[in-house]
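One structure is given here, and the rest of the page talks about it.
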Amino acid sequence: GGQPMAGYCALGLGEVDLVAILDLMAGRKLDGMMMVELDSGGQMPYTPREAAKMAHDWLIGHGVPMKA
């Protein structure tokens, strides 16, 4: 994400292999939730709502169930 996003980026756009992490978690019983956070350096190229939608869409697209 560079300086505008304090070195972070939206879910699925970075260098971390999130698909591999989800694969490691597959089939495990967890009584918790997954939390997604995106820090801002103050000049993000999109709004917090857009960042949340990007994360939501990426998770749904990779088979992570969501509760309303």
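Residue indices begin at 1 and follow the sequence shown.
Here the straight-line distance linking atom CD of E50 with atom CG of D57 works out to 11.5 Å at 0.5 Å rounding. Between atom CG of residue L59 and atom CG of residue L11 there is a gap of 5.0 Å, rounded to the nearest 0.5 Å. The CG atom of D23 sits 9.5 Å away from the NE2 atom of H62 when rounded to the nearest 0.5 Å.
Residues V19 and L24 do not share a hydrophobic cluster, clusters being chains of Ile/Leu/Val/Met/Phe/Trp/Tyr side chains in contact below 4.5 Å.
Looking at V36 and W58, their side chains never come closer than 4.5 Å, going by heavy atoms from C-beta outward.
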